[in-house]
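In what follows, a structure is listed as structure tokens, so that the remarks can point back to it.
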There are 2 protein chains.
Amino acid sequence: MIALPEPVAALVGALGQLPGIGPRSAERLALHLVQSESGQVQQLAEALLTARDRIQLCETCGALTEHQPCALCTDDRRDAATLCVVETAVDIINVEKSGAFKGRYHVLGGKISPLNGVDPEDLRIAELEGRLTGINEIILALGTDVEGDATSNYLAQRFTGKGNQGVTVTRLAHGLPAGSGLEYADDLTLTRALEGRRELQ
Amino acid sequence: MIALPEPVAALVGALGQLPGIGPRSAERLALHLVQSESGQVQQLAEALLTARDRIQLCETCGALTEHQPCALCTDDRRDAATLCVVETAVDIINVEKSGAFKGRYHVLGGKISPLNGVDPEDLRIAELEGRLTGINEIILALGTDVEGDATSNYLAQRFTGKGNQGVTVTRLAHGLPAGSGLEYADDLTLTRALEGRRELQ
């Protein structure tokens, strides 16, 4: 058995470190790439380096941005009195895609997880506290797993009624996902959908 | 809704051209990469360029190689009288992983597919013909779909009995895959497994 040529093996190793790319996918991608047009590979390598060089995290909210502060933080049309708290910079992009939120953001950088050694002081919670002046509402848009729930509860306890006027802390609704039938909903989702039922008017 | 920062969007575009990477995966990878260690991204970009620069196809057999001719073609311990014919350079790597073949290779570069405009002269069949001197056996290791079968039949007709001594043309056995039960075998696989049954001794 021959090994892969060394440059290909190195590329497989580098690709295999990406999330969601297993050893087989990494090999398939590497073998595709070494047989691609040279220009296409060059373009990919340049896109990688350019993106990594030019993208940073906004020092105010933690969003991905090319400039400080980011476009979200400087856009006057956005409601500066409402903060949406998310786990990661990528979550901002998902909320923005929905088009349903027109306030500002705050990225925590994770969720509280004592088992993994993530305590409140490891997250950008002090920075959130520093932004409370003039804020009316904090919308918690964290994951719905145990750690997301724990983090939401922690933040609600810590921030409810804080700030100049007193801050309202809200959480995204839990319930049935759009476009899905009851048969696909697990017990916990159904329980939460029942608990959160709303009167039709 | 904000768009992705432009360098990220460019990276998503470049990644989305890779096989098996859909728009969602491309976005997830791009967002991971722009938040990764700068050194790790640099390493990936360099691995890409190095691999693409240094890897070429062997002019004799068509394998991926850093040198001409490739290590497979120059290895005296391999049986120079047996040629394994495969569709792509990557197939060589798969056969080599099995460790069950110790001869030389010939990459066709595809399979005959009139519907897709691939005729015999578009493949490396003339090059195969030019290598027949001293060859005892051609093992056809092509895919088992309609086009692979058609290509195997075409090559068998064209090459059987050719060469100095007369060449034997064989084909990989078709049958049950290893480690699988009958319940997973489709009708055609079972039919071929029955046709190809062998006496136990």
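Convention: sequence-line order gives letters A, B, ...; per-chain numbering from 1. Everything numeric in this text was worked out from a predicted model, so none of it was measured.
Only the side chain of B/E66 has a heavy atom closer than 4.5 Å to any heavy atom of chain A. For a residue to count as touching a neighbouring chain, one of its non-hydrogen atoms must lie under 4.5 Å from one of that chain's; by this rule B/Q56 does not touch chain A. In this structure, the portion of A/I21 lying under 4.5 Å from any heavy atom of chain B is its side chain and not its backbone. Residue contact with chain B, scored on non-hydrogen atoms closer than 4.5 Å, involves the backbone and the side chain of A/L11 alike. Interface remark: A/E6 contributes backbone and side-chain atoms alike to the contact with chain B (heavy atom separation under 4.5 Å).
The pair B/K111-B/D145 counts as a salt bridge, with a side-chain nitrogen and a carboxylate oxygen less than 4.0 angstrom apart. Classification of A/E27 and B/K97 as a salt-bridged pair holds, one side-chain N sitting under 4.0 Å from a carboxylate O.
Between chain A and the options B/A14, B/G20, B/A51, heavy-atom pairs under 4.5 Å are most frequent for B/A51. Comparing A/A45, A/A10, A/C70 by how many heavy-atom pairs each has under 4.5 Å with chain B, the most go to A/A45. In terms of non-hydrogen atom pairs under 4.5 Å with chain B, the most contact-rich of A/L49, A/T50, A/V8 is A/L49. Here A/S38 is the residue among A/A9, A/S38, A/A30 with the most heavy-atom pairs under 4.5 Å with chain B. Of the listed residues A/D75, A/V95, A/L18, the one with more heavy-atom pairs under 4.5 angstrom with chain B than any other is A/L18. For chain B, the option among A/Q43, A/E46, A/Q17 with the highest count of heavy-atom pairs below 4.5 Å is A/Q17.
The shortest non-hydrogen separation linking B/L64 to B/A89 is CG-CB, 3.9 Å.
Distance NE2/A/H106 to CG/A/L128: 4.5 Å, rounded to 0.5 Å. Interatomic distance, SG of B/C61 versus CZ of B/R131, reported as 6.0 Å (0.5 Å rounding). The OG atom of B/S25 sits 13.5 Å away from the NE2 atom of B/H32 when rounded to the nearest 0.5 Å.
Side-chain contact annotation: A/S152 with A/D149, donor-acceptor N/O pair under 3.5 Å absent. Residues A/S113 and A/E147 have side chains that bring a donor and an acceptor to within less than 3.5 angstrom of each other.
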